[in-house]
Structures are given as structure tokens and as C-alpha cells.
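Scroll down for the structure; my scribbles are underneath it.
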Number of protein chains: 2
Amino acid sequence: MINQLEGKLKERSIRPTAMRLLVLEVLEKQSSAISLTELEQTFGPSDRITLYRTLKTFEDKGLVHSINDGTGAPRYALCEEGCECDYRRDMHVHFYCRACNQTVCLPQLKIPAIALPEDLLPEEASLVIKGLCGKCQ
Amino acid sequence: MINQLEGKLKERSIRPTAMRLLVLEVLEKQSSAISLTELEQTFGPSDRITLYRTLKTFEDKGLVHSINDGTGAPRYALCEEGCECDYRRDMHVHFYCRACNQTVCLPQLKIPAIALPEDLLPEEASLVIKGLCGKCQ
DNA sequence: CTATGGTATGCAATGGAATTGCATTTTATT
DNA sequence: AATAAAATGCAATTCCATTGCATACCATAG
């Protein structure tokens, strides 16, 4: 179990420290994207800054991606198998429920290609749909 | 001229105060969406909070829409003729240039309909494409 | 096994921005 | 002109991201 987590980190040349393993474990359990503050709360007394940097490291290394759902605080979710968050065509749609404040990934839904004006060179894209999730209707 | 601006405000039952007319005038001149800080700077010495609340009022009344382009600070742009920012199908695409930091509206590009899972009820959507604009390539 | 250099962590502090309360001014209405 | 409602300006608070620096940890060479 721990070895599996360790593997995930090493794969992306992230040193598997205790903190990082814990954070990864929490992320694995989430069904929706989590903000830094939420992450901090699941940890009890711990250092917010370290969590912040841990998430940043994970993001840099392509382990998680961040979503800006309009709430002000970015949220983080593990990338799925083969997720290539660098390329626009691989980015998926996110859904934000305004009632329960949860942001879920919709990995099966890719962002459709948009015919941009010639002079604009796209690199990434983010599509967040806001509304009510099943539980909150 | 002023009367035209006044009309725009009254149309949406926004009291046409001096401050609001000035803000509206600035917004009309923008070719890209503007952040609160940028707005503040064009004003010289003035009260940030009032500008903040002015933008909020404009947004509530459907005069401007805000875009969260991932820079942390929301940006505001005037809605176009007939823009109905409340409905997903009328929301348009925004382009954010990572070099010059400008966010432009692409009113002619509507966000394509997405086939969401049954249980999700969409209300609005935001699609921000990030990359390089013509000037910055 | 231990010394060493690089990395991660924790604490303190900074900085930027949103947001609210409240007193005062301005506006619309009678 | 008098009044009530709304807008404004100031002060203060809160939240979050981000950085500097000293310490602790880890991997590797010797």
C-alpha cells in the first residue's frame, strides 16, 4: 500500500517523504478536488506552508492538477492515468456545485476544440461548469 | 455622451452617480477585461472599496461580467448588447495572454454545449483559454 | 558507518486582495 | 426644502499566497 504510493512519487522524481505520502494518501481518498484549506483541516495540527509547497511540487511534477473554480482558492485533484495536463487537448471539464461547494473532475469529458481567431495561440484551457450536483438538487 | 452612459445605467436600475459614470466610461474604453487593481490605477487617487462595490453592483445588475482567468484577481468587462450572462448558452469564451496579462472577450465564440452526466444541473460555465496573443508571439 | 551536500520542513513574516461595519454624504422623492 | 434610502469613504478585519531563513532530514560518496 505504502509502496504503491511511494512508487507514484518516485515515478515522477518526487522524494517520497512522510509528509508527501500522507498528502498523497488524502488526495487518493477524495472524490472531488480539494483546496489547500480543506487539506489543512483533514490534517489537524500541521503546517499549512508545507502543505502548500507539497501541492505545488505535486503540480510541478504532474501528479496533481489545479482547478480555478471561481471560489478564489484553487483546488487540487490527482491527475488520472495518462493525464497530460500540459496540453490543451487533454484537459478535462470540471463541475462546481454552488450548494455544497464541491468541485469534481469529469475526466471523460474533454474540452472541445475551439476555432480561435488566427492570431491567438492557445496553450491550455479550462472549462468550469457551475450548477447543482445530484445531491443538492 | 454622458446621457448615453446615464441611460445604460438607468436601463438596469443602477443609480447614475458620478462615480459610476466615471467607471462606466473607463470600462467602455477597454479593449480587454480589467481587474479591480487596474481600474484603481487608471483613477489616480480614489477609493478602492467604492470601485469594488461599483463593479459588484454592475455585475449584479448585468452590466458587466467577471472572468476568472486564473491570475487570482477577477477581471471585469462590459457585457455586449444582448449578453445574457445568466445563461450558460450565452456565455462566451475568454482568452488570457500569459505574456501581456490581458484577458480578451471573444463574444462571437459561445461555449459549446457539454453532455454532462444526468445528475448534474448546469447553470453557468466559464471557458478560459490561455496562451499567447497576436502581439506577444 | 559516517560525513557531506542537497532537499524538505517549520516558523515567522510579508504582501495582495476581498470583504464588512459604520459614519457621512449624496440622491431621489414628497 | 425635508426626508428616507442608497452610495461613498474610511478603518479595520480576514483570508490566502508567497518568501526568507534556520533547522531537520535524506541519499550518496568515501
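Note that the structure is predicted; figures quoted are calculated from it, not measured.
- For Gln108(A), the side-chain contact (heavy atoms from CB on, under 4.5 Å) criterion is met by Leu106(A), Pro117(B), not counting sequence neighbours.
- With sequence neighbours excluded, the residues forming a side-chain hydrogen bond (donor to acceptor under 3.5 Å, both in side chains) with Asn101(B) are Tyr96(B), listed by chain and number.
- Hydrophobic side-chain contacts under 4.5 Å tie Leu121(A) into a cluster, directly or through other members, with Leu132(B).
- In terms of the side-chain contact (heavy atoms from CB on, under 4.5 Å) criterion, residue partners of Glu59(B) (sequence neighbours excluded) are, by chain and number, Val64(B), Ser66(B), Tyr76(B).
- At whole-Å resolution of the value, CG in Leu9(B) and P in dT27(C) are 13 Å apart.
- Distance CD (Glu38(A)) to C1' (dC16(D)): 14 Å, rounded to an integer number of Å.
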Could you write out each protein N or O paired with an N or O of nucleotides 4-8 of chain C at a distance under 3.5 Å?
residue : atom : partner  : partner atom : Å
dA8(C)  : OP1  : Arg20(A) : NH1          : 3.0
dA8(C)  : OP1  : Arg20(A) : NH2          : 3.0
dA8(C)  : O5'  : Arg20(A) : NH2          : 3.3

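- Taking the side-chain contact (heavy atoms from CB on, under 4.5 Å) definition, one finds that Lys61(A) meets it with Arg12(A), Ser13(A), Ile14(A), Thr57(A), sequence neighbours left out.
- Across the protein-nucleic acid pair, Glu6(A) atom CD and dC26(D) atom P stand 11 Å apart, rounded to whole Å.
- Asp119(A) meets the side-chain hydrogen bond (donor to acceptor under 3.5 Å, both in side chains) test with no other residue; sequence neighbours excluded.
- We find that CG of Leu21(A) is positioned 15 Å from C1' of dT9(C), with the value rounded to whole Å.
- For residues 62-76 of chain B, the set of pairs meeting the salt bridge (Lys or Arg N to Asp or Glu O under 4.0 Å) definition, not counting sequence neighbours, comprises Glu38(B)-Arg75(B), Asp69(B)-Arg75(B).
- In this structure, His65(B) and His92(B) have perpendicular ring planes: the angle between them is above 60°, well past the 30° mark.
- Not counting sequence neighbours, Gln30(A) has no partner by the side-chain hydrogen bond (donor to acceptor under 3.5 Å, both in side chains) test.
- Gln137(A) pairs by the side-chain hydrogen bond (donor to acceptor under 3.5 Å, both in side chains) definition with nothing, not counting sequence neighbours.
- As a whole-Å value, the separation of Leu39(A) CG from dC16(D) P is 13 Å.
- In this structure, the helix from dC1(C)-dG30(D) to dT30(C)-dA1(D) shows an angle of 20° between the axis at its start and the axis at its end, each fitted on 5 base pairs and rounded to 10°.
- Across the protein-nucleic acid pair, Leu51(A) atom CG and dT18(D) atom C1' stand 15 Å apart, rounded to whole Å.
- Between Ile114(A) and Leu127(B) the shortest side-chain heavy-atom distance falls below 4.5 Å.
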Considering only nitrogen or oxygen atoms on both sides, find all protein atoms under 3.5 Å from nucleotides 17-24 of chain C and state each distance.
residue : atom : partner  : partner atom : Å
dA18(C) : OP2  : Arg48(B) : NH2          : 2.9
dT19(C) : OP2  : Tyr52(B) : OH           : 2.3
dT19(C) : O5'  : Tyr52(B) : OH           : 3.0

